[in-house]
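Following: one structure in structure tokens, then a few remarks.
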Amino acid sequence: MRLTIRFLAVAFVVFSFNNQAFAGWGDGARYLFSVSDEEKKVYVVDLKKQNLSGTIDLEFAPGDLVISDALNMVVVANKGEKSLSLINAEDPEFRTVFPITLQPDHLTLSTLDYNLAIYDETLHMLQVISLNSGDVLANFTEVATGSDMTFSFDGRSIFIVNETAGKIEQYDIPGNRKLAELSIAKPGQELSAMSRSADGLFGFVSNTSTDELLVIDLFALKQLSSIPVGDAPGRPWGTADGSMMFVPNAADHSISVIGTTTLSVVSTWQNVPPTVSINSGWLDTVVALVGADGTISLRDKHTGNELFKTQLTASPGEGVVTSDSKTLAVESANGRVTLFDLRSKTLLSEITDLPDDIRQSSLAVSYNFCH
Amino acid sequence: MHTTSATLTTLNRTGQLMLVAIVALVLAGSWLVFPYFVQGRQVLTDVSSEVKTEKRLRAESLAQYLTQRIDLPNGTEITALNAVPEYFEHSDRAGLVSQYRPDQNFVFFVAETTHDFQLPDEVPTASLEVDGKFYQPVSSEGPEVVEHHRTSIYRFAKADEQGAPLVGDDTQTVKLHLYHHWDEYVPTSLNPTQVHHLTYEWETNQDIPEALLANTLSSPILLFTLSAGLLSATLTPCLLQLLVIYLASMAGVTAENLTQGTVDREAKRRVFQMGLYFVLGFILLFTVAGAIIGASGQQAQILFAESARTISILAGITVILLGFWLAIRTNQPVLCKLPMANFLQRIDPNHRWRSMLTAMAFSLGCLSCFGGAIIGVLFVYVGSLGSASVGASVMFLFSAGVSIPFLLAALFLSRMTKVMNVLQRTAKPIGFVSSAIIVAFGIVLITDNFHVLSNIIYPWLRLS
């Protein structure tokens, strides 16, 4: 009996203990990472405790920041020295400098977080490396742009929207070659970045010149349809369940809501301020609009009815929604991260004392499904 | 079986138990081949492609069936869609049902498209004609100042102010009348203020062809594929732990059997029965959960998210109590002296309902953690399941498939007479270990550490 009691007590203690307390910042769904150029630091916000958890000192002016949940790794680009700083999220003291041959102007992480795409704007080169092994998986030259790269669902391809040529280009990583390209617009027309549907089947690109949303079958790389939307559409944003795409139309202050089953406009939301981001939350019943003027508006996904509205006091970033879809975190240019509860549609808290230039707030595991 | 018996003869007692345990584990865990050989995400993507393509084609066909189009001489295209309740169900507008109430209203979606000039400001004026009488809309919605495209939505009540339905038995058609000056911004128009009048007509008794309403997911092959994908992509962690608790229960019940009597045919039959009722328990629970998910879709997702902890705690308490019950039945010290012990010793002597209850309780705990993920995966890959029968079928196929290895293990154990003789001599310690494992899993559920065991096992199995 004593043995029984001892066993149960130990089991209870072991399993009751919050194992995340030992993990440093390795909980990809809990810790928000933001970068400051001036301070040369990464700021870590604990979304559970709603406070600043700590900082990661860098010895260089940082470029892009990405977080790999699979590898528990924070990757920061060092543009000055053509290298990446790979920081262990569970123990930030443990880090390594990974030299590369390109200027890391843009970074994009693959779907499963193991591979990293690096683009050099000067050389127009794209390189894909394995964060696990450090091997270079592919090198591509004469790549027009890399500011908005999209990995395919299986991580074996990268799609790039080449606005100059009016094409989508598909690069095959295992084969280390340009696989295919698809003409979607006249050369020079203004195209947005591509957003991929949650299941990887469709890509969505806005053509701002023709006021259309283009739907691409990513498996066959062919255009399925072009959907007329509002005036000057921007980058589309998708819900996590893939049921809808939201297209902000800058010129007529509206948002076109596209149903992905019928690939048609379901409804149009009017009188919307210029939009920085559109993130879905609380199990896709709520859509969070972040306006360029600092407006935060929470709306019902189906009806578009406004459920909550507030005003931030400075220009906001895109923000990010946590993996449980409950919390929206938005950084703003006055050194704050503001948290909103998407379930109760309320303001949760504001985390202050961050530098004014804070940017690129990222979660390793988030509900954002833009691309 | 013969080879195993011969091997057993040459081993000592511990060796015999270890060998049988390993064989039982391999048999019960044989479903694990799925995650290795079936790429869950790829399977789900393939299913998704097929289902969504068919859904889209069906929705487009249905929309086409319900839509009429008029082209004006100035090149403006104006379509009107009679949005009957079936349309909302099969299109992307299902979420708008509560807003537009197609059961109480005639709902029309009017789309105007031009290519060369701007559309006129404001939405067109509309009226509904039924049996020669004209009715005004309850609501007219749409953007006012647009460039080339506009979609407007009109609602007309299906009953008049006295509550009498507009459409009677003799009503043949309903007509939608639209009025607007579509030449307003046409540069070559001689009369830009001219009001155009368009009429769209639909039969009131038209039946939508069955082919347009068929449920894509009724194909058994598709359901089976979806179940396999779900197993490989999502539910492996849940099943790993169900496997452990199953084997613990099997060992404990076998030991309990043998403390009560001899190793006879009846005892062996009860061992297999225990396995059977265990799998019936989780099949029943998963099937019911599937029905709920299929019927209520996103509401089920919200329900799981809001109630997950409560369900997990209740399930955990139930599992702990069942563990204590097993301990009492195997005459563990102190516990067998509890006030209820005699009563518990007498009820459910064949362990059937306790086995079923253990499986259901643990499966419920599993669902409290994975229910949201199951629904999320189904939403992403196939959209809303749309019906209780489809959801139940998917989960039934999944759980029935997994139950086969579990039953094989039970059958194997029930045939191992030599091992059961060994177990009879070690029944009490076996019973203690089994009870402890079951209680530990109950604690896992209560403390919301369901993923702890998976996180330990997964790297070892090279599963991700």
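Each chain gets a letter, A, B and so on, in the order its sequence line appears, and its residues count up from 1. Nothing here was measured: the structure is a model prediction, and the numbers come from that model.
For a residue to count as touching a neighbouring chain, one of its non-hydrogen atoms must lie under 4.5 Å from one of that chain's; by this rule B/Glu141 does not touch chain A. Of the two parts of A/Val229, only the backbone, made up of N, CA, C and O, holds a non-hydrogen atom closer than 4.5 Å to a non-hydrogen atom of chain B.
Taking 4.5 Å as the limit, some side-chain heavy atom of B/Lys52 sits within range of a side-chain heavy atom of A/Leu201. Using a 4.5 Å heavy-atom threshold, the side chains of B/Arg56 and A/Leu224 count as touching. In this structure, the side chains of A/Thr262 and B/Arg93 stay at 4.5 Å or more apart for every pair of heavy atoms. Looking only at side-chain heavy atoms (C-beta outward), A/Arg343 and B/Glu306 come within less than 4.5 Å of each other. Side-chain contact between A/Val266 and B/Leu96 is present, with at least one heavy-atom pair separated by less than 4.5 Å.
A pairwise comparison of heavy atoms in A/His302 and B/Gly95 identifies ND1-CA, 3.3 Å as the closest pair. Taking every heavy atom of both residues into account, A/Thr261 and B/Ala59 meet most closely at CG2-CB, 4.5 Å.
Remark: the B/Thr45 side chain and the A/Asp199 side chain contain no N/O donor-acceptor pair separated by less than 3.5 Å.
Contacts with chain A were tallied for B/Ala111, B/Ser91, B/Pro143, B/Gly142; B/Pro143 has the most, counting heavy-atom pairs under 4.5 Å.
The CG atom of A/Leu283 sits 5.5 Å away from the CD1 atom of B/Ile302 when rounded to the nearest 0.5 Å.
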